[in-house]
Amino acid sequence: MAGPSTEVALMTRALTLAAHGPAVDPNPRVGAVLVSTTGEVVGEGFHAGAGTPHAEIVALARAGGRAAGGTAYVTLEPCNHTGRTGPCAQALLDAGLAAVVFAQPDPNPSAAGGAATLRAAGVRVTGGLLEAEARGLNEAWTFALRHGRPRVVWKFAATLDGRSAAADGTSRWITGPQARADVHTLRAGSGAVLVGTGTVLADDPALTVRRPDGTRLDRQPLRVVLGRRAVPAGARVRDDAAETLLLTHRDPVAALATLAEREIRQVWLEGGPTVAGAFVQAGLVDEVVAYLAPALLGAGPAAVTGLGIATLAEAVRLEPFDVTTFGPDIRVRARPTRPDRT
Ligand code: AOF
Ligand code: ZN
């Protein structure tokens, strides 16, 4: 087997390959590098998204037999199951690999176990090389598979005094164009965008991902509207710019279960205050992205309501991990201070 620095270099190459996969997909981004007995790279591959061959299979096809007796470097533990495609652990065995080095163990209960299968068949298996880097490529996917529900990112815009609309209901626009462009960039990183019926009735949002020139990206997140009130026939969310799911209830847990079934790994929660409150209260917000405009309103609805908090000691405390300015506005990204949030 290769020495430690070579191993790191080969896994780094596998991570670079993995990053070519789609960032938003039911499946993770995975890369694989196959090295022959003489230390030569004989095959490389990455996973191009659900329904396509896994990284190892692509690399094995490239290697065409030259990997026998060699080592596979894979960013995710090889799968052990037949899902949309066959088990990679078995494919690596069939190809005669002598050793497998992987970065991240597979958190998918139905796919895990590849390492044990390979070991039982006599393959030398090592896990954990550059594991944090591999997880970083698939943060939402890892979360969703571990917790059995999509990761939830709650975005809001507010004035410095915490108002998301004025007393007369006007809310366009609180933040400037740079901040709004950033919202579209981050929105594109989620499989679904969720709002309440109140937001649809008040703002009639399109909920699509657009470039600064107004053109839409090819891949659009699923639009999800939560609530019992009827969504008018002419509402923008009913157009054919993207798929829309109307959930005629107000239960965050049930909504996330429905989205988990559809293999959505991250939800971008965009209000309004009632829906945001329901998710916060249920402990179902995993990241907050707040855009704060240097403006004051003194009256008008807050970004979130209904938390049932009466005293300061009950405040929902967050841990900021990124503060960036966009033109005159400030973006704060924060996580809840609960223990298990990865
Ligand atoms: C790997 N290599 O490149 C990927 C893996 O429905 P399937 O057949 O595509 O299986 C998806 C699951 O397989 C996915 O959730 C994850 O556990 C594993 N993905 N495994 O060894 C790959 N994409
Ligand atoms: Zn696989």
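A quick note: this is a predicted structure, and the numbers were derived from the prediction, not measured. Counting starts at 1 for both ligands and their atoms, following the listed order. Keep in mind that the numbers below use all heavy atoms, side chains included, and drop hydrogens, waters and symmetry copies.
- For atom 19 (N) of ligand 1, the closest non-hydrogen atom on the protein side is H54 CE1, 3.7 Å.
- Set against the non-hydrogen atoms of V30, the atoms of ligand 1 under 4.0 Å away are 2 (N), 3 (O), 4 (C), 22 (C), 23 (N).
- Here's the thing with A55: one of its N/O atoms is less than 3.5 angstrom from an N/O atom of ligand 1.
- In terms of distance to the Zn ion (ligand 2), the nearest N, O or S atom of H54 is named ND1.
- Ranking protein heavy atoms by distance to atom 6 (O) of ligand 1, first place goes to R84 N, 3.0 Å.
- Here's the thing with T52: none of its N/O atoms is less than 3.5 angstrom from an N/O atom of ligand 1.
- Counting only distance, with no hydrogens or angles, the side chain of R331 and the backbone of V289 share no donor-acceptor pair below 3.5 Å.
- Counting protein heavy atoms only, atom 18 (C) of ligand 1 is closest to D106 OD2, 3.7 Å.
- At the Zn ion (ligand 2), the vertex angle linking SG of C79 with SG of C88 is 120° (nearest 10 degrees).
- Considering V332, D182, D329 in turn, D182 is the only one that fulfils the side chain to side chain contact (heavy atoms under 4.5 Å, CB included) rule with Y291.
- Contact annotation: the side chain of D25 never approaches that of W141 to less than 4.5 Å [non-hydrogen atoms, C-beta and beyond].
- Checking E270 against T199 by side-chain atom types alone, no donor-acceptor pair falls below 3.5 Å.
- Counting backbone and side-chain atoms alike, H81 contributes no N/O/S atom closer than 2.8 Å to the Zn ion (ligand 2).
- Less than 4.0 angstrom separates some heavy atom of T85 from each of these atoms of ligand 1: 8 (O).
- Scanning the protein heavy atoms around atom 15 (O) of ligand 1, the nearest turns out to be N108 ND2, 2.8 Å.
- At least one heavy atom of W141 sits less than 4.0 Å from an atom of ligand 1.
- The pair E133-R135 does not count as a salt bridge, with every side-chain nitrogen at least 4.0 angstrom from each carboxylate oxygen.
- Heavy atoms of H81 come nearer than 4.0 angstrom to ligand 1 in at least one pair.
- In this structure, R62 does not pair ionically with E44, as no charged nitrogen and carboxylate oxygen lie closer than 4.0 Å.
- Contact check on D286 versus R149 returns a salt bridge, with a Lys/Arg side-chain nitrogen under 4.0 Å from an Asp/Glu carboxylate oxygen.
- With hydrogens left out, the protein atom closest to atom 11 (C) of ligand 1 is N27 OD1, 3.4 Å, a heavy atom.
- Counting only distance, with no hydrogens or angles, the side chain of R333 and the backbone of F321 share no donor-acceptor pair below 3.5 Å.
- For ligand 1, the atoms closer than 4.0 angstrom to any heavy atom of E56 are 1 (C), 2 (N), 3 (O), 21 (O), 22 (C).
- Ring planes of F143 and H147: parallel class, angle under 30° (limits at 30 and 60°).
- In summary, of the residues considered (V30, T12, N138, T16), a side chain to side chain contact (heavy atoms under 4.5 Å, CB included) with T75 occurs for V30 alone.
- Nearest to atom 23 (N) of ligand 1 among the protein's heavy atoms is H47 CD2, 3.1 Å.
- The shortest N or O to N or O distance between A111 and ligand 1 is not under 3.5 Å.
- In summary, the side chains of T215 and R211 do present a donor paired with an acceptor at a separation below 3.5 Å, with no hydrogens or angles considered.
- If you number the atoms of ligand 1 from 1 as listed, the ones under 4.0 Å from a heavy atom of P78 come out as 21 (O).
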